[in-house]
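Since the structure comes first, as structure tokens, the remarks are kept for the end.
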Amino acid sequence: MSETIIPLVLFALISTSTPGIATTLSTASGAQFGFRRSVPLMAGSAAGLATVAAAGAAGLAGLLAAVPSLQLAMKIAGSLYLIWLAIKIGRSGPPNLDISMARPNSFFGGAGIQWMNPKGWAMGLGAAASFAALADGPLQLALLLGAVFGLAAALSLSLWCVAGTLLARLLKTERQWRALNVVLGLLLAASILQMWRPAS
């Protein structure tokens with residue numbers, strides 16, 4: 001079993017490590033607030049992806065595919081929330097001078113990002129279809145995918161957050177901070193396009 005699970009682990013690590021919405025937010029939070037204060041965001045995002053992967057294995061992703069209006073509502077809500085976050089990040093300054101980003105994102109904010117992202121649901125459904133042979137039934141598959149994707153997301157988001165904290169040490173002036181936050185805000189806004197691409 002340990003050998004047959006390796007492709008699933010690699011798939012989860014690669015898919016959670018590539019730049020996107022959650023990784024950009026983790027990097028920005030690490031730069032702005034440090035690792036410890038970013039833990040709720042990362043934990044929520046990892047838990048959110050774990051539940052999305054588990055729900056995909058249990059068949060809920062099929063419901064989203066069958067009800068286009070529900071998918072559209074999720075995309076709109078998710079996009080508006082992420083645009084709001086991108087603006088807050090882009091307008092923020094150094095941690096000690098900033099007012100608009102006075103607090104890091106919450107556990108539920110991190111989880112909600114994953115729940116509102118149809119690409120996450122498509123990934124969960126794709127993983128369920130690709131790795132169904134690793135489990136004896138939908139419940140066991142849901143537990144397996146939830147655990148693997150949750151742990152993979154926790155690891156990759158932690159690395160992105162650490163990158164953000166290291167980057168923050170290089171920033172000496174308010175202008176440098178504002179430039180970084182504008183770049184991170186734009187990257188987050190650009191990552192919204194992933195939500196609107198058709199699932200492959």
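These figures come from a predicted structure and were not determined experimentally. Throughout, residue positions are numbered sequentially from 1 according to the sequence presented.
- Hydrophobic clustering, with ILVMFWY side chains joined whenever heavy atoms are under 4.5 angstrom apart, keeps L166 apart from L25.
- With a 4.5 Å cut-off on side-chain heavy atoms, C161 and S38 count as touching.
- Under the 4.5 Å side-chain heavy-atom criterion for grouping Ile, Leu, Val, Met, Phe, Trp and Tyr, V9 is connected to L49 within one hydrophobic cluster.
- Expressed to the nearest 0.5 Å, how far OG1 of T165 lies from CH2 of W160 amounts to 13.0 Å.
- Rounded to the nearest 0.5 Å, atoms CG (L155) and CG (L13) are 6.5 Å apart.
- Nearest heavy atoms, S158 versus A154: OG-O, 2.7 Å.
- Atom CG of L144 is separated from atom CG of L139 by 11.5 Å, given to the nearest 0.5 angstrom.
- Residues I14 and L8 do not share a hydrophobic cluster, clusters being chains of Ile/Leu/Val/Met/Phe/Trp/Tyr side chains in contact below 4.5 Å.
- Rounded to the nearest 0.5 angstrom, L145 CG and Q140 CD are separated by 10.5 Å.
- Rounding to the nearest 0.5 Å places CG of L41 at 5.0 Å from OG of S29.
- Side-chain atoms of T51 come within 3.5 Å of backbone N or O of G48 as a donor-acceptor pair.
- The shortest non-hydrogen separation linking A168 to A31 is CB-O, 3.4 Å.
- Counting all heavy atoms, side chain and backbone alike, G90 lies closest to V182 at O-CG2, 3.5 Å.
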Before giving the answer on side-chain contact (heavy atoms from CB on, under 4.5 Å), spell out for F35 and M42 the whole-Å C-alpha distance, their side-chain angles and the decisive distance to 0.1 Å. CA-CA 10 Å; F35 187 88; M42 294 185 293; 3.7 Å; yes
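- When side chains are defined from C-beta on, I6 does not count as touching F11, because their heavy atoms never get closer than 4.5 Å.
- For the atom pair CD1 (I21) and OG (S26), the distance works out to 11.5 Å, reported to the nearest 0.5 Å.
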Begin with the C-alpha distance, continue with both residues' side-chain angles, and end with the deciding distance and a verdict on side-chain contact (heavy atoms from CB on, under 4.5 Å) for L157 and T16. CA-CA 8 Å; L157 295 178; T16 58; over 6 Å; no
Please report the C-alpha distance between F108 and W115 in whole Å, then the side-chain angles of each, then the deciding distance to 0.1 Å, and finally whether the side-chain contact (heavy atoms from CB on, under 4.5 Å) criterion is met. CA-CA 10 Å; F108 292 107; W115 275 87; over 6 Å; no
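- In this structure, Q114 contributes its side chain and A111 its backbone to no donor-acceptor pair below 3.5 Å.
- Of all non-hydrogen atoms in R91 and R178, the two that sit nearest each other are O-NH1, 3.4 Å.
- Residues F149 and L141 are members of one and the same hydrophobic cluster, defined by side-chain heavy-atom contacts under 4.5 angstrom among Ile, Leu, Val, Met, Phe, Trp and Tyr.
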